[in-house]
There are 2 protein chains.
Amino acid sequence: MNLNVVTLPSLQPSRQAVTPTAKKPAMSTRESKKKQTRQALMNAALELVGRGDNFASISLREVAKNAGVVPTSFYRHFETMEDLGLSLVDELGMMLRRLMRSARQAGQSLNDQIKASVEVYVQHVLDNRNLFLFMVQCRSGGTPALRDAIRNELRYFVNELVIDISRADFLPHVSHEDLEMIVSLIINTVAETTLDILDLPTASRSQRARIETITIKQVRLIFLGALAWRSRKP
Amino acid sequence: MNLNVVTLPSLQPSRQAVTPTAKKPAMSTRESKKKQTRQALMNAALELVGRGDNFASISLREVAKNAGVVPTSFYRHFETMEDLGLSLVDELGMMLRRLMRSARQAGQSLNDQIKASVEVYVQHVLDNRNLFLFMVQCRSGGTPALRDAIRNELRYFVNELVIDISRADFLPHVSHEDLEMIVSLIINTVAETTLDILDLPTASRSQRARIETITIKQVRLIFLGALAWRSRKP
DNA sequence: CCCTCTTGTGTACAATTGTTCACTGAATAT
DNA sequence: ATATTCAGTGAACAATTGTACACAAGAGGG
């Protein structure tokens, strides 16, 4: 009754131990199988979130069923649902790092870079719908541990961007402290659009463009303010 | 077994119909009693939210028990938990209007007004902890109807502020459309702090001041950007 | 080859869930 | 004074929940 797509155990369930010593190096290896069902559980949870359920109200049993696994098996991988959530935050973190890498490659001028980065962000949100849904849900509605974990991931994002802007020397006149304040503002602004993007009627081009346009304007306006910041009152 | 504070039914439970025709104008009046338990249910839900539970995972029975009422009685007031949530959004809306009124009375210069408004907001969040917790939870983790209702309340906020700024002629050079973009940015920035305020270790003066300072800086920076906006490219 | 270790299964149980139904008693209307 | 309305009660229900336990079977090490 394995419903997960990645299932490998015995494609031919009848033959039990054909090729006994044949191939064991590449596949199976107990721990890789474990990783698979573990991932299946995480994916199942994400899918339920994508289906409209709040992560906080998802039951262990539902997750197990959706992963094609018996409820008690859940405990072999996670102590509790919150534990699974923390693993999802790890996955989220990796995704955010990929996003950061994509965003860095874009544009030369500041304006181009802003435009490209916002578009990359929106695209990433659409490509990882469930994970971002999980993020916005748990950021404000998760257990303290979950909220904290997500806050840390976003903090990493801020730190990286601070470094980038410092290196690029875009705002040489602002103190490090104020730069952090400004970057937080930018990140919050972009993050805030996440909800709007997720509520979009599945890929309405014009609506998506509208959100992008507004967000790009907002970030540009922030940079405008940053350029004027303290230039007259150092 | 009435646990709610506002209970009035028969303070002396023994006498049943003393003063039969005595006083009936001022108190009791069936429908006012109904409003009371209705409010008790809403307060119970808020208290559970304040206790750390996510609104999405709060059970009808728990709410009823916490309101000192039998579960079936819940249905006399709300069809479902989402229905109760929508009523909570109404309460939230009224509170936000009060907040708006408080914020309007503050300061003359733009800088003073920003400072005062942010401080008023933070104070309101601390004074209505549970209601704001409910708001941030449901804004991103509620059912579609709930999310929409809350989005509307925030939209009202944006519209009002747009009118205020238009009247005050602070930014005469920006189009109405761009003004909306800017005001959304401001509101989002302030709303974003809500989470940080709520996570504060219950009234840590210094931490609170830190958040206020940063937020004030951010809003001022936005206004700086707004003043420069399009002044060179109309 | 056998022994052990570990992932997944199946059964079981007490607790809690949303919802139904018939009821009670007091506030209201007549 | 009598009849009606209706907020709140209490028992009952089927379903779902988290968790415990003994067991099965295959992989991995000796």
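For clarity, every value in this text was computed on a predicted model and none was experimentally measured. Letters go in sequence order (proteins before strands), and every chain restarts at 1.
- Ion pairing between A:Glu82 and A:Arg147 fails under the 4.0 Å rule for side-chain N and carboxylate O.
- Side chain of B:Arg61 to backbone of B:Pro71: no donor-acceptor contact under 3.5 angstrom is found.
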Polar atom pairs between nucleotides 17-19 of chain C and protein, under 3.5 Å, N or O only, would you list them?
from: C:dT17; atom 1: OP1; to: B:Ser59; atom 2: OG; distance (Å): 2.7
from: C:dG18; atom 1: OP1; to: B:Leu60; atom 2: N; distance (Å): 2.8
from: C:dG18; atom 1: OP2; to: B:Leu60; atom 2: N; distance (Å): 3.3
from: C:dG18; atom 1: OP2; to: B:Arg61; atom 2: N; distance (Å): 3.2
from: C:dG18; atom 1: N7; to: B:Arg61; atom 2: NH1; distance (Å): 2.6
from: C:dG18; atom 1: O6; to: B:Arg61; atom 2: NH1; distance (Å): 2.8
from: C:dT19; atom 1: OP2; to: B:Tyr75; atom 2: OH; distance (Å): 2.9
from: C:dT19; atom 1: O5'; to: B:Tyr75; atom 2: OH; distance (Å): 3.4
from: C:dT19; atom 1: O4; to: B:Arg61; atom 2: NH1; distance (Å): 3.2

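- Atom CG of B:Leu41 and atom P of D:dA7 are 13 Å apart (whole Å).
- A:Gln207 and A:Glu212 form no side-chain donor-acceptor contact under 3.5 Å, judged by distance and modelled atom types alone.
- Cation-pi geometry between B:Arg97 and B:Tyr156 is met: under 6.0 angstrom from the ring centre, within 45 degrees of the axis.
- Atom OG of A:Ser87 and atom CG of A:Leu41 lie 10.5 Å apart (nearest 0.5 Å).
- In this structure, B:Glu47 pairs ionically with B:Arg51, as a charged nitrogen and a carboxylate oxygen lie closer than 4.0 Å.
- Note: NZ (B:Lys33) to P (D:dG8) measures 7 Å, nearest angstrom.
- With contacts defined as side-chain heavy-atom distances shorter than 4.5 Å, the pair B:Thr213/A:Met181 does not qualify.
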Exercise for review: Go ahead and write out DNA chain C as dot-bracket, 5' to 3': ( ) for pairs within the strand, [ ] for ones crossing earlier pairs, | when the partner sits on another strand, dots for unpaired; Watson-Crick or G-U wobble, both distances under 3.5 Å.
Suggested key: .|.|||||||||||||||||||||||||||
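- With hydrogens and angles ignored, the 3.5 Å screen pairs a side-chain donor or acceptor of B:Ser140 with a backbone N or O of A:Val136.
- Computed from coordinates, the B:Lys35 NZ to D:dA7 C1' distance equals 15 Å when rounded to whole Å.
- Between the CD atom of A:Gln36 and the P atom of D:dA27 there is a distance of 13 Å, rounded to whole Å.
- Note that the CD atom of B:Gln218 and the CD1 atom of B:Ile214 stand 7.0 Å from one another [nearest 0.5 Å].
- Using a 4.0 Å cut-off between a side-chain N of Lys or Arg and a carboxylate O of Asp or Glu, A:Arg151 and B:Asp196 qualify as a salt bridge.
- Going from atom CZ of A:Phe78 over to atom P of C:dT7 covers 13 Å, rounded to whole Å.
- Among C:dT9, D:dG8, D:dG28, the nucleotide with an atom closest to any side-chain atom of B:Thr37 is D:dG8.
- For A:Arg155, the CZ atom sits in a loose shell: 12 or fewer heavy atoms of surrounding residues, nucleotides or ligands are nearer than 6.0 Å.
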Polar pairs (N or O, both sides) under 3.5 Å between protein and nucleotides 2-6 of chain D?
from: D:dT5; atom 1: O2; to: B:Arg30; atom 2: NH1; distance (Å): 3.0
from: D:dT5; atom 1: O2; to: B:Arg30; atom 2: NH2; distance (Å): 3.2

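- Between the CZ atom of A:Phe74 and the C1' atom of D:dC21 there is a distance of 19 Å, rounded to whole Å.
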